[in-house]
Amino acid sequence: MRNKKSVKYAKYGYLFSLPFIITFLIFSLYPIFYTLVIGFTDMKGIGATKFHILDDPLGNFKTVLSNRTFKMALKNTVIIWLGNFIPQIVLALLLTAWFTDRRCKVKGQGVFKVLFYMPNIITAATIAILFGALFAYPTSPMNDLFHSLGWAKEPIYFLQNKKLAKGVIIFIQTWMWYGYTMVVMISGVLGINPEIFEAAEVDGANRTQTFFYITLPQIKTILLFTLVTSVVGGLNMFDIPKLFLDGGPDNATITTSVFIYKQAFAGSYLYNRAAAASVIMFIIIAIISAIMFRILKEDDPESAYAGKKRRVRNAEK
Amino acid sequence: MQKNKHYTGMKVVIYIVCIFLAILSIFPFWIMIINATRSTYEIQQHAISFLPSKFLVKNWNILTGKSFNVLRGFTNSMIISVCSTALNVYFSSLTAYALVIYDWKLRNAFFKFIMAIMMIPAQVTMIGFYQMVYKIHMTNNMLMLILPSIAAPAVVFFMRQYLQPTLSPEIVQSARIDGAGEFRTFNTIVLPIMKPAIATQAIFGFVNSWNNLFTPMVLLTDQKKYTMPIMVSLLKGDIYKTEFGSIYLGLTLTVLPLFIVYFALSKYIIAGVALGSVKG
């Protein structure tokens with residue numbers, strides 16, 4: 001009986017998914033393959049639309065992989081990502097432990113959450129330029145601060161310093177994302193069955209023990225999920241490094257996305273090189289995501305999404 | 001008694017750290033807003049001030065006297081963000097509905113496919129996308145920034161997870177008995193049920209679209225079509241080099257709408273993030 005009905009209505013399943021599928025084919029799948037094809041060709045120069053496959057089809061890939069700037073960009077991307085992910089997750093976990101502590105309630109949590117999350121919602125382009133202004137030479141709030149505190153007599157050219165430039169980008173990324181990570185972690189902890197904590201309390205576990213032996217293992221899937229999204233986001237970091245210093249000084253803050261943009265849309269319009277670099281990034285992202293989802297799946301038969309499902313349900317209550 | 005003492009010490013540390021972080025969140029924006037009202041000379045003397053000055057109008061005149069067109073950027077960003085958010089939530093809900101209520105052969109395969117493509121970032125497909133759009137001479141057409149949001153895998157995923165436990169097949173069944181068509185059932189019965197999920201995704205869809213820099217930067221060459229983030233990038237150029245006050249004012253204007261939205265809806269936004277919101 002039920003089967004018959006579903007057969008009758010099955011066509012609506014296809015029909016209602018059609019807009020999604022068509023849009024995906026045109027605006028995502030076709031561009032992906034097109035990018036891949038361009039990677040094997042000689043397409044370059046402003047306004048170029050015609051192309052030929054190179055005699056050495058892998059030429060662009062070889063050029064990109066041996067390109068010093070690309071290597072630098074890849075290295076920077078990893079450094080900036082690691083540099084912001086580690087403090088971000090540590091800070092988020094610390095705040096989560098404090099805000100979800102059952103024995104010592106922190107007042108004003110709501111206000112703190114709103115303020116900590118705030119930078120995340122502000123346009124990254126604006127933040128990049130704002131920080132550029134904050135650290136500018138010779139007149140800027142940072143120089144003013146250093147002068148007032150007597151740390152420097154002359155204005156400092158902060159952003160000429162490669163390490164400092166990278167450091168500021170790492171700071172901006174951490175500052176923009178720790179609030180988000182914290183909110184996600186807190187919701188994960190709130191989704192844990194309270195009886196587990198009660199049992200731990202009865203058994204005499206102190207707070208540190210409770211956190212490391214109960215809380216952390218319980219939110220492992222959410223932690224891994226955060227890791228995956230952060231890696232993918234980090235590998236595509238564009239707005240901040242592009243508008244903060246445009247990859248400078250001396251390529252110290254160039255990321256792979258900025259590299260791709262610059263290859264294709266600035267200077268020599270090397271679409272083919274940019275496409276090859278995109279494909280390389282695509283492969284790296286795919287491999288990393290696949291490995292991480294593998295870990296997630298082995299870890300929890302219900303997969304990473306179980307936690308999400310539970311939270312969606314809890315929210316209705 | 002001793003235990004309480006221990007907690008007090010701990011609490012002091014917690015509050016110090018939290019207040020420090022809160023100040024860190026506010027401080028850059030505070031400087032930005034205050035400096036938007038100060039003259040270049042004042043900023044050169046002291047770049048940090050806690051009190052506003054009276055040069056707001058003058059800064060505004062300098063800012064709008066050059067290439068920075070606030071109203072145009074605002075209008076363009078508004079059109080793009082509103083349209084793409086509407087398409088995004090509507091079609092994601094429809095696709096999710098197809099995944100939840102109908103029993104079709106490729107349903108599971110399609111769902112797995114959506115999960116697999118969720119992680120594909122726009123950056124890695126951009127060269128092909130640009131070439132495609134360039135070939136059909138649509139680079140300065142806003143539709144190219146709006147239409148792609150019909151297919152938002154992460155939002156479909158979220159909507160499906162929301163709909164699965166919420167929607168009982170009996171409701172749909174009884175609508176059918178009452179003679180409602182499938183499409184009408186979705187629009188009049190299912191969409192209202194999905195309101196909370198739609199509201200959450202609409203907020204994030206809007207903010208993501210509003211903040212998007214990469215795609216518009218690649219596609220738009222016509223100044224008349226510039227969105228807010230691209231207008232912002234003009235502030236970095238030589239034209240505003242020493243007009244510190246107007247640079248800060250320009251930055252302030254771009255974030256003002258976001259501040260208003262955020263502080264009006266912060267409760268829902270934080271709850272939305274907690275639900276495992278989808279960030280672009």
Side-chain angles (χ1 to χ4, degrees), chain A residues 6 9-10 12-14 16-17 19-20 23-24 27-28 31-32 34-35 38 49 98 104 106 112-119 121-126 129-130 133-134 139-141 144-145 180 183 187 232 236 238-239 243 257 264-265 271 274-275 278 281-282 289 308-309 311-313 315, chain B residues 7 10-11 14 18 21-22 24-26 28 31-32 43-44 46-48 91 94-95 97-98 102-104 107 110 119 121 123-125 127-129 131-132 135 147-148 150-151 156 161-162 165 182 207 211 213-214 218 229 232-233 235-236 247 251 254-255 258 262 266 270 273-276:
Chain A
S6 56
Y9 287 110
Y12 288 103
Y14 293 99
F16 289 176
S17 312
F20 179 98
T23 311
F24 178 77
F27 290 108
S28 291
I32 290 172
Y34 203 15
T35 307
I38 293 171
T49 47
W98 286 347
C104 148
V106 179
F112 286 133
K113 277 188 204 166
V114 168
L115 288 176
F116 296 170
Y117 179 71
M118 184 177 71
I121 213 156
I122 305 299
T123 318
T126 304
I129 292 174
L130 175 60
L134 293 180
T139 317
S140 66
D144 191 24
L145 189 72
Y180 167 83
V183 174
S187 84
V232 176
N236 288 294
F238 177 79
D239 300 14
L243 289 185
S257 285
F265 304 108
Y271 299 116
S278 303
M281 288 318 290
F282 186 85
S289 318
K308 222 178 200 183
K309 234 185 268 174
R311 273 177 289 149
V312 172
R313 253 182 247 135
Chain B
Y7 284 162
M10 172 98 179
K11 270 198 170 170
I14 292 176
C18 286
L21 290 172
L24 214 55
S25 283
I26 300 168
I31 292 178
M32 175 183 82
I43 295 171
Q44 270 169 341
H46 273 289
I48 299 179
F91 285 101
L94 187 66
T95 314
Y97 181 65
Y102 300 110
D103 206 355
W104 39 300
R107 174 164 80 166
F110 183 54
M119 290 292 175
Q123 273 91 326
V124 295
T125 65
I127 306 298
F129 182 73
Q131 284 296 338
M132 175 182 88
K135 255 190 186 165
L147 290 179
I150 291 175
V156 174
Q161 299 309 78
Y162 182 85
E182 294 301 303
V207 170
N211 289 343
L213 173 73
F214 193 72
V218 168
V232 173
S233 68
L235 293 172
K236 219 184 142 65
I247 292 177
L251 293 171
T254 60
V255 292
L258 287 170
Y262 184 60
S266 62
I270 302 283
V273 178
L275 280 185

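- Chosen from Ile122(A), Leu134(A), Ile32(A), Leu115(A), the residue pairing most often with chain B at heavy-atom distances under 4.5 Å is Ile122(A).
- Within the 4.5 Å cutoff, side-chain heavy atoms of Phe265(A) are placed close to those of Ile127(B).
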### Message
Walk me through whether Asp239(A) and Asn211(B) qualify under side-chain contact (heavy atoms from CB on, under 4.5 Å).
### Response
CA-CA 10 Å; Asp239(A) 300 14; Asn211(B) 289 343; 6.0 Å; no

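- For Phe129(B), the parts lying near chain A are the backbone and the side chain together; criterion is any non-hydrogen pair under 4.5 Å.
- In summary, the side chains of Ser278(A) and Thr35(A) do not present any donor paired with an acceptor at a separation below 3.5 Å, with no hydrogens or angles considered.
- Considering only heavy-atom pairs separated by less than 4.5 Å from chain B, the leading option among Ser289(A), Ala133(A), Ser28(A) is Ala133(A).
- Looking at Ser187(A), its side chain does come within 3.5 Å of a backbone N or O of Ala274(B) through a donor-acceptor pair.
- Top candidate by heavy-atom pairs under 4.5 Å with chain A, chosen from Tyr97(B), Tyr262(B), Phe91(B), is Tyr262(B).
- Only the side chain of Ile31(B) comes within contact range of chain A, with heavy atoms under 4.5 Å apart.
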#### Entry: Stepwise side-chain contact (heavy atoms from CB on, under 4.5 Å) test for Phe110(B) and Phe20(A)
CA-CA 11 Å; Phe110(B) 183 54; Phe20(A) 179 98; 3.7 Å; yes

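- Between chain A and the options Leu94(B), Thr254(B), Val156(B), the largest number of non-hydrogen pairs under 4.5 Å is found for Leu94(B).
- Here Tyr34(A) pairs with Lys135(B) under the side-chain hydrogen bond (donor to acceptor under 3.5 Å, both in side chains) rule; sequence neighbours left out.
- Using a 4.5 Å cut-off between heavy atoms, Phe214(B) touches chain A through backbone and side chain atoms alike.
- Using a 4.5 Å cut-off between heavy atoms, Thr126(A) touches chain B through backbone and side chain atoms alike.
- With hydrogens and angles disregarded, no donor-acceptor distance shorter than 3.5 Å links the side chain of Lys236(B) to the backbone of Ile129(A).
- Contact annotation for Phe112(A): only side-chain heavy atoms (C-beta onward) come within less than 4.5 Å of a heavy atom of chain B.
- Interface remark: of the candidates Pro229(B), Ala98(B), Pro148(B), Pro148(B) forms the most heavy-atom pairs closer than 4.5 Å to chain A.
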### Task
Take Tyr117(A) and Ser25(B) through the side-chain contact (heavy atoms from CB on, under 4.5 Å) test and state the conclusion after the steps.
CA-CA 9 Å; Tyr117(A) 179 71; Ser25(B) 283; over 6 Å; no

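- Of all the listed residues (Leu235(B), Ile247(B), Leu147(B), Ile43(B)), the one sharing the greatest number of non-hydrogen pairs under 4.5 Å with chain A is Leu147(B).
- With chain B as the partner, the residue from Ala124(A), Ala125(A), Pro119(A) showing the most heavy-atom pairs under 4.5 Å is Ala125(A).
- In terms of modelled atom types and a separation under 3.5 Å, the side chain of Gln123(B) and the main chain of Asn236(A) share a donor-acceptor contact.
- Using a 4.5 Å cut-off between heavy atoms, Val232(A) contacts chain B through its side chain alone, with no backbone atom that close.
- The contact between Tyr12(A) and chain B is made by backbone and side chain atoms together, counting heavy-atom distances below 4.5 Å.
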